There are 2 protein chains.
Amino acid sequence: MAASIRDVAERAGVSVGTVSNVLNRPDVVSAPTRERVLSAIAVLGFVRNESARHLRAGHSRTIGLVVLDIANPFFTDVARGVEDVANRAGLAVFLCNSDDRPEKESAHLDVLAEQRVQGVLITPTGELNPHLQTLRRRGVPVVLVDRRAPSADQCAVAVDDVLGGRLAGGHLLERGHRRIAFIGGASDLPQVQERLAGVQAVVREATGSDDALVVLSTEALTVAAGREAAARIVGMPAAHRPTAAVCANDLMALGVLQEMVRQGVRVPDEFAIVGYDDIDFAAAAAVPLTSVRKPRQALGSRAAELLLDEARGDGHVHVQEVFEPTLVVRESSMVRRDRTADREEGP
Amino acid sequence: MAASIRDVAERAGVSVGTVSNVLNRPDVVSAPTRERVLSAIAVLGFVRNESARHLRAGHSRTIGLVVLDIANPFFTDVARGVEDVANRAGLAVFLCNSDDRPEKESAHLDVLAEQRVQGVLITPTGELNPHLQTLRRRGVPVVLVDRRAPSADQCAVAVDDVLGGRLAGGHLLERGHRRIAFIGGASDLPQVQERLAGVQAVVREATGSDDALVVLSTEALTVAAGREAAARIVGMPAAHRPTAAVCANDLMALGVLQEMVRQGVRVPDEFAIVGYDDIDFAAAAAVPLTSVRKPRQALGSRAAELLLDEARGDGHVHVQEVFEPTLVVRESSMVRRDRTADREEGP
DNA sequence: TCGCTGTCCTGAAACGTGTCAAACACCCGT
DNA sequence: ACGGGTGTTTGACACGTTTCAGGACAGCGA
């Protein structure tokens, strides 16, 4: 069907070895033959067969990226960072979406193993996937993204989520909140647990107990889950009801915000919200979201760099990189003087 | 390095052919040998080499998806639809981002050709990419996504964007707007041009001329471009300034909204906004966006189905599918009675 | 005993590359 | 005429699979 190197050789009247040389080391072949071969390539529309190259070379020119939720802009920003450095290195990227489900994750990892990817970038689901261990044992470099490495024998690019939690919680405490919800508690993702730990620590330091913190578990880290959690909060007796929430990510925060608005709860006046990730849409929300900012694209590009270095082999040393998050304060957690003013203006 | 079928054969004391049979037609091999082979596979951790399979079989088990902007949730929804059906069919997906730049698109198409993907799903950049034609000439199925086919000899899954434009424009006209901006005009994307054509048609029908329509061109279809366009609108002399805008997509609409809010222009009271795509974030915006809804995920899954059918070969007939968009009216284009009420309540 | 029919297994070939030792052609200096 | 470069091209092999014609062997009927 598609023209092969042999067809090109035939047409140009040379051996296949020469064609291969034209493609890979053009300098060793004389100008006239090179021309002849190149024009044969052009008329036949010859394109290298990457699978054959891979088979012969013993290593592919692809990597895999497995994310928890492709619909979460945080991960598309990460993916963009990954793609940038991968493409620059001439690698193609298999982008896989695990939907935070271990079975889907396993299936994707199996496929990536069969494809013999040079390495895998992954934000794993909560539980340690045995397929991931198998992959590493087979010698495939694996770099964890937005997740700390459980041991020093692998690379990881993460964010200090305990600090992130402290920033978010501390901010709300400063604002005077004494009954704070953490939304997204049931997730078995370490990232989320660390965020919770951070909030917990700062609350304990400020109030001397955990009583001020209400942990609301959710089924997923999505907008819908956020809405559902907000509905639960509104349903609480006023005496116990939190006056603010730290959400495990921005999608949930957006959901919480939507539901609060729908139920007529004024944000931030009656309920303050802090999100996490600082995706672009956080700033564009109904009430611009205060959020914990992470270097999203850098997370991806740095992880890809580490993966390439490890795949290259010589003298790679594992790196566990931890970025520091920062708090971006917006309206969702402020006492909204401006809006008050707005209202006083009248219609 | 990695165990091959030969290692397995050796360990199990059988020929490579038998191992292959165990993998591909387990029924033709006797139970005891099958067991022996399977256990050898297990202890060696053998995984098929997909490149070798591909080389031998003559066709790969991968497809390519090229989108205009991976950061646009519209495309991640499409991607999700694609991934669903591709994975169900045992195919891996190369997700590529062209950033609406022909060179990037070409580069991606070259890589996909080298990978010998079974087919390509693509939302092409404005100009017809010669690499795309080459690919088709080589016999690689190409299905256009969110884009009409220029000819009947290929599959496409699109949306009736003229109708979408009419819906958006008609809605604003009904609301009494007589000076309407279309934002995103310079884009050479046919989708955008059709949306504009729809708006134009409906405006002409209603007012008898094109004077009521102001076309604002932008560099890209992003939030930033939307902000920039909004700033230009605010800068116009009041006599010429539009009172409403149809945006080429929701990202731009969000940008317009942000800038209007920032400049103190009240939406929708002083300026109404209609977006396009109805991404999830449209409903969560500062002022929930009226938007033209497209079946995002279905667009992707249907396109993937067509691609698979075409790749399978036997008796494929090209299909040009056109979905009908619907208008989802939200606050950004309404006269906000509720807010007025809210204001009268006072602080 | 012989031939026949299955069942199960083997071994070689092929897919498209890249590599590498060896062959070849040519020129220069002696 | 000969040896020694230098510069260019060749051809065979290997990578890991799948496929397929055919071989080995057992069971069975004649």
Side-chain angles (χ1 to χ4, degrees), chain A residues 1-38 40-41 44-62 90 111 113-118 138-140, chain B residues 1-38 40-41 44-62 90 111 113-118 138-140:
Chain A
M1 172 78 65
S4 82
I5 216 176
R6 195 186 334 261
D7 303 318
V8 174
E10 206 169 311
R11 174 154 197 121
V14 299
S15 75
V16 295
T18 301
V19 177
S20 179
N21 279 338
V22 169
L23 293 170
N24 302 303
R25 306 116 96 188
D27 42 307
V28 312
V29 29
S30 73
T33 30
R34 188 170 48 218
E35 282 314 309
R36 223 153 10 106
V37 170
L38 286 177
I41 287 178
L44 293 176
F46 166 77
V47 174
R48 286 142 107 112
N49 183 323
E50 179 58 29
S51 286
R53 301 187 75 193
H54 166 195
L55 185 56
R56 164 68 221 212
H59 59 88
S60 71
R61 303 195 64 69
T62 57
V111 170
E114 291 190 353
Q115 297 285 350
R116 295 289 195 279
V117 291
Q118 278 202 12
R138 299 184 78 244
V140 180
Chain B
M1 173 76 67
S4 83
I5 216 177
R6 193 185 338 258
D7 303 319
V8 175
E10 206 169 309
R11 175 157 197 123
V14 298
S15 74
V16 295
T18 301
V19 177
S20 179
N21 279 338
V22 169
L23 293 170
N24 301 305
R25 308 116 95 187
D27 42 305
V28 312
V29 30
S30 74
T33 30
R34 188 169 48 220
E35 283 314 310
R36 224 154 8 106
V37 170
L38 287 176
I41 287 178
L44 292 176
F46 167 77
V47 174
R48 286 141 107 115
N49 183 325
E50 179 58 29
S51 286
R53 301 187 76 193
H54 165 197
L55 183 56
R56 166 68 219 211
H59 59 87
S60 72
R61 304 194 62 70
T62 56
V111 170
E114 293 189 352
Q115 297 284 350
R116 294 290 194 276
V117 291
Q118 278 202 10
R138 300 184 80 242
V140 180

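Note that these values count all heavy atoms, side chains included, but never hydrogens, waters or copies made by symmetry. The shown structure was predicted, so the numbers you read here are calculated from the model rather than taken from an experiment. Order of the sequence lines fixes the chain letters, A, B, ..., with proteins taken first and strands second; residue numbering starts at 1 for each chain.
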Would you name the heavy atoms of [X] and [Y] that are closest together and state the gap between them?
X: B/Ala12; Y: B/Arg36; answer: O-NH1, 2.6 Å
X: A/Asp7; Y: A/Ala2; answer: OD2-O, 4.3 Å
X: A/Arg116; Y: B/Ala3; answer: NH2-O, 4.2 Å
X: B/Ile41; Y: B/Val8; answer: CG1-CG1, 3.7 Å

When the distance from [atom1] of [X] to [atom2] of [N] is rounded to whole Å, what number comes out?
X: A/Asn24; N: C/dG16; atom1: CG; atom2: P; value: 17 Å
X: A/His59; N: C/dT17; atom1: NE2; atom2: P; value: 16 Å
X: A/Arg56; N: D/dG16; atom1: CZ; atom2: C1'; value: 13 Å
X: A/Asp7; N: C/dC15; atom1: CG; atom2: P; value: 10 Å
X: B/Arg116; N: D/dT17; atom1: CZ; atom2: P; value: 20 Å
X: B/Gln115; N: C/dG16; atom1: CD; atom2: C1'; value: 14 Å
X: B/Arg6; N: D/dG16; atom1: CZ; atom2: P; value: 7 Å

On DNA chain C, more 5' by nearest nucleotide between A/Ala57 and B/Ala57 is B/Ala57
Not counting sequence neighbours, which residues clear side chain to side chain contact (heavy atoms under 4.5 Å, CB included) with B/Ser15? List them please. B/Thr18
Quick one: salt bridge (Lys or Arg N to Asp or Glu O under 4.0 Å) partners of A/Arg48, sequence neighbours excluded? none
Need one value for A/Ser20: base, sugar-phosphate or nothing, where a base atom within 4.0 Å counts as base even if backbone is also close, heavy atoms only. base
Any chance you could lay out the side chain to side chain contact (heavy atoms under 4.5 Å, CB included) test for A/Val47 and B/Arg138, step after step, and finish with the verdict? CA-CA 10 Å; A/Val47 174; B/Arg138 300 184 80 242; 3.8 Å; yes
Atom pairs under 3.5 Å, N or O on each side, protein against nucleotides 24-27 of chain C: can you list them with distances?
none

Separation between CD (A/Glu50) and OG (B/Ser51), nearest 0.5 Å, reads 7.5 Å
Below 3.5 Å between N/O atoms, which protein atoms pair up with nucleotides 7-10 of chain D? Just atom names and distances, please.
| unit_1 | atom_1 | unit_2 | atom_2 | d |
| --- | --- | --- | --- | --- |
| D/dT9 | OP1 | A/Ser30 | OG | 3.2 |
| D/dT9 | OP1 | A/Thr33 | OG1 | 2.8 |
| D/dT9 | OP2 | A/Ser30 | N | 3.2 |
| D/dT9 | OP2 | A/Thr33 | OG1 | 3.3 |
| D/dT10 | OP2 | A/Ser15 | N | 2.9 |
| D/dT10 | OP2 | A/Ser15 | OG | 3.2 |
| D/dT10 | OP2 | A/Thr18 | OG1 | 2.7 |

Is the backbone N or O of A/Ser60 less than 3.5 Å from a side-chain atom of A/Gln118, with the two atoms forming a donor-acceptor pair by type? yes
Check whether A/Arg34 reaches the backbone of A/Pro26 with its side chain - one donor and one acceptor, N or O, closer than 3.5 Å. yes
Considering only heavy atoms from C-beta outward, does the side chain of A/Ile5 approach that of A/Leu23 to under 4.5 Å? yes
Please examine the side chains of B/Thr62 and A/Gln115, heavy atoms only from C-beta on, and report whether any two atoms are closer than 4.5 Å. yes
Begin from the C-alpha positions of B/Asn49 and B/Ser4 and carry the test side chain to side chain contact (heavy atoms under 4.5 Å, CB included) through to its verdict. CA-CA 8 Å; B/Asn49 183 325; B/Ser4 83; over 6 Å; no
Within residues 47-55 of chain A, the residues having a heavy atom closer than 4.0 Å to DNA chain D are A/Leu55
Does CD in A/Glu114 sit with more than 12 non-hydrogen atoms of other residues, nucleotides or ligands closer than 6.0 Å? yes
Rounded (10°) bend between the five-pair end axes of the helix from C/dT1-D/dA30 to C/dT30-D/dA1: 70°
